[in-house]
Protein chains: 2
Amino acid sequence: MEAQVNQTRQKVKEQFRLFLTNKGLKATLQRSLILDAFLDLDRSTHIDELYLILRGKHPNIGHATVYRALRLFTTAGIAREINLGDGLTRYELAGGRRHDYLVCSDCGTVTEFENSSIERHQAEVARSMGFTVQSLKIELRGVCNRCMAQPE
Amino acid sequence: MEAQVNQTRQKVKEQFRLFLTNKGLKATLQRSLILDAFLDLDRSTHIDELYLILRGKHPNIGHATVYRALRLFTTAGIAREINLGDGLTRYELAGGRRHDYLVCSDCGTVTEFENSSIERHQAEVARSMGFTVQSLKIELRGVCNRCMAQPE
DNA sequence: TTGCCTGCAAATCGTTTGCAGTGTT
DNA sequence: AACACTGCAAACGATTTGCAGGCAA
């Protein structure tokens with residue numbers, strides 16, 4: 001599976017490289033760094049998390065550059081925006097099939113899981129209402145087992 | 001059903017009145033106006049919509065007052081916050097069982113529907129992950145039949 | 001009278017944009 | 001040499017907060 005991760009990484013980087021070439025955009029050091037940091041995490045994240053990681057290695061990278069890069073990844077089809085309503089925009093690798101989130105209302109942790117059986121069912125209901133479904137998001141709020149165990 | 005709506009309205013207003021008394025808070029004209037406007041709509045709404053309606057009748061009501069009132073309704077258990085990721089906080093009457101939304105990515109319209117069969121199923125999965133579920137939200141993005149029909 | 005509430009304006013927070021200088025092609 | 005890109009700071013839009021005066025209890 002280690003090998004598979006690396007394969008995904010290479011595919012994504014290649015996909016991005018092609019996207020840039022096709023659009024006449026430029027392959028800059030920052031974009032490469034941000035994409036690497038994003039791929040390293042391998043889970044949904046928000047800009048500030050990436051920004052902090054990146055600042056560690058490259059102190060003069062700009063906040064705006066990270067925002068711009070993630071938006072670019074999204075239009076390139078590499079990333080996907082998710083918004084869990086806490087005022088932060090999160091990003092996850094597109095291509096994955098994780099649209100299901102457990103949000104802990106205590107510590108704010110977001111756990112992802114997958115449950116594809118529900119998608120068909122849900123999409124069917126929507127279709128019967130004359131709605132053409134593009135994407136599905138399921139969000140559960142509650143208390144995670146860690147917070148349940150240790151009262152602060 | 002007209003009668004039932006009025007019954008709900010009275011119950012909610014009574015619930016709010018009790019809440020205020022118990023907490024030592026005050027029943028002001030503004031809070032009453034905002035609650036009425038909220039109940040009149042009888043569907044999820046955002047602050048600006050309420051604000052505009054209220055300004056029509058009471059030109060010097062403050063933006064902040066509407067925000068504060070809706071937050072109060074939420075803590076009173078009358079309203080529920082929903083966030084569909086478009087940067088606006090929406091509110092709906094709590095007590096209802098509508099947690100399912102169709103968001104049109106074209107015109108932004110939010111249509112609500114109900115599908116309780118899914119809740120048990122989904123909650124079960126979460127529980128197996130050691131998660132205590134408090135609430136569930138299902139969000140479908142796509143194109144509504146109106147937008148599908150008329151290309152701009 | 002007490003002190004919660006209101007309306008206004010200023011502050012805040014995440015995110016976007018303008019701009020002058022830099023780096024890719 | 002063109003022109004996209006970066007970093008900074010200022011702008012932005014939704015929401016919150018501080019404060020002086022106003023109004024329920």
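Letters go in sequence order (proteins before strands), and every chain restarts at 1.
- Taking 4.0 Å as the cut-off between side-chain N and carboxylate O, B:Asp106 and B:Arg146 do not count as a salt-bridged pair.
- Among the nucleotides C:dG7, D:dC8, C:dC8, the one closest to the side chain of A:Arg55 is D:dC8.
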Report, one line per pair, each donor and acceptor closer than 3.5 Å where one atom sits in a side chain of residues 19-35 of chain B; sequence neighbours left out.
{"residue": "B:Thr21", "atom": "OG1", "partner": "B:Arg17", "partner atom": "O", "Å": "2.8"}
{"residue": "B:Asn22", "atom": "ND2", "partner": "B:Leu18", "partner atom": "O", "Å": "3.4"}
{"residue": "B:Thr28", "atom": "OG1", "partner": "B:Arg31", "partner atom": "N", "Å": "3.2"}
{"residue": "B:Arg31", "atom": "NH1", "partner": "B:Lys26", "partner atom": "O", "Å": "2.8"}

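- In this structure, the side-chain hydrogen bond (donor to acceptor under 3.5 Å, both in side chains) partners of A:Thr45, at least two apart in sequence or on a different chain, are A:Glu49.
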### Message
For a quick check, with a 4.0 angstrom heavy-atom cut-off, what is the B/S/- contact string for nucleotides 15-22 of chain C, read 5' to 3'?
### Response
BBBB----
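- No salt bridge links A:Asp100 with A:Lys137; every basic N to acidic carboxylate O contact stays at or beyond 4.0 Å.
- One finds no side-chain N or O of A:Thr65 lying less than 4.0 angstrom from the OP1 or OP2 phosphate oxygen of D:dT6.
- Electrostatic pairing of B:Arg141 and B:Glu139 counts as a salt bridge here, judged by a charged N lying under 4.0 Å from a carboxylate O.
- Checking side-chain atoms of B:Arg127 against main-chain N and O of B:Thr132 turns up no donor-acceptor pair under 3.5 Å.
- Contacts of residues 13-37 of chain B with DNA chain D (heavy atom under 4.0 Å): B:Lys26, B:Ala27.
- Evaluation of the side-chain hydrogen bond (donor to acceptor under 3.5 Å, both in side chains) rule for B:Arg71 yields no partner, not counting sequence neighbours.
- Screening residues 58-88 of chain B for ring-ring contact (aromatic ring centres under 6.0 Å, His included), with sequence neighbours left out, gives B:Phe16-B:Phe73, B:Tyr51-B:His63, B:His63-B:Tyr67.
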